[in-house]
Amino acid sequence: MNNDLESEVIKVTLEGTETFEHKFSDTRPIEGSYDIRKQAQHFQISEMQWATYRYQAKEGFKGRETVEIVLTGSPGDGNFTDYQKWVFEIDVK
């Protein structure tokens, strides 16, 4: 894990249980993956599906969620490195 990895912050505002999707890529890394490093706390859905992150707030939740997703990969030698990091700041109204 690389804690010095620069983060791209993505701010999102949702109404109630509106569903949010963020597509990182059309492909999934062969040697690596997109991983949720910090999970939301108040969700019905908060998951990675291939290279797309999906979020839906728990019924009745209003407030801010923070989710961190990291892209890890390997050049084929089994030594995985963090390449990119995204921080989603999700405000649910």
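No hydrogens, no waters, no symmetry mates; every other heavy atom, side chains included, goes into these values.
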Are [X] and [Y] in one and the same hydrophobic cluster, where Ile, Leu, Val, Met, Phe, Trp and Tyr link if side-chain heavy atoms are under 4.5 Å apart?
X: Phe20; Y: Tyr34; result: yes
X: Ile36; Y: Trp86; result: yes
X: Phe24; Y: Ile45; result: no

Audit row: Gln84, Glu8, side chain to side chain contact (heavy atoms under 4.5 Å, CB included) steps and yes/no: CA-CA 8 Å; Gln84 288 181 275; Glu8 177 181 346; 5.5 Å; no
Could you walk me through whether Trp50 and Ser25 pass side chain to side chain contact (heavy atoms under 4.5 Å, CB included), step by step? CA-CA 9 Å; Trp50 291 92; Ser25 173; over 6 Å; no
Nearest 0.5 angstrom please: [X] [atom1] to [Y] [atom2], how far?
X: Ser7; Y: Ile69; atom1: OG; atom2: CD1; result: 11.5 Å
X: Gln41; Y: Phe61; atom1: CD; atom2: CZ; result: 9.0 Å
X: Glu47; Y: Thr52; atom1: CD; atom2: OG1; result: 10.5 Å
X: Leu71; Y: Ser33; atom1: CG; atom2: OG; result: 7.5 Å
X: Gln44; Y: Lys58; atom1: CD; atom2: NZ; result: 9.0 Å

Note, [X] side chain near [Y] side chain (heavy atom, < 4.5 Å):
X: Tyr55; Y: Glu65; answer: yes
X: Val92; Y: Gln56; answer: no
X: Tyr83; Y: Thr72; answer: no
X: Pro75; Y: Glu31; answer: no
X: Arg54; Y: Gln49; answer: yes

Table please: side-chain donor-acceptor pairs of residues 9-18 below 3.5 Å, with sequence neighbours left out.
{"residue": "Lys11", "atom": "NZ", "partner": "Glu89", "partner atom": "OE1", "Å": "2.7"}
{"residue": "Glu18", "atom": "OE1", "partner": "Glu15", "partner atom": "N", "Å": "2.9"}

Restricting to side chain to side chain donor-acceptor pair (under 3.5 Å), what partner residues turn up for Arg64, sequence neighbours left out?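 With sequence neighbours excluded, Arg64 shows a side chain to side chain donor-acceptor pair (under 3.5 Å) to Asp91, given in chain and number order.
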Counterpart residues, side chain to side chain donor-acceptor pair (under 3.5 Å), relative to Lys38 (two or more places apart):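 Checked Lys38 against side chain to side chain donor-acceptor pair (under 3.5 Å); zero matches.
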Between Lys85 and Glu68 (salt bridge meaning N to carboxylate O under 4.0 Å), is one present in this structure? yes
How are the rings of Phe88 and His22 set to each other: parallel, tilted or perpendicular (split at 30° and 60°)? perpendicular
For the pair Arg37 and Asp82, evaluate side chain to side chain contact (heavy atoms under 4.5 Å, CB included) and give the outcome as yes or no after the intermediate values. CA-CA 11 Å; Arg37 288 280 170 85; Asp82 293 348; 3.0 Å; yes
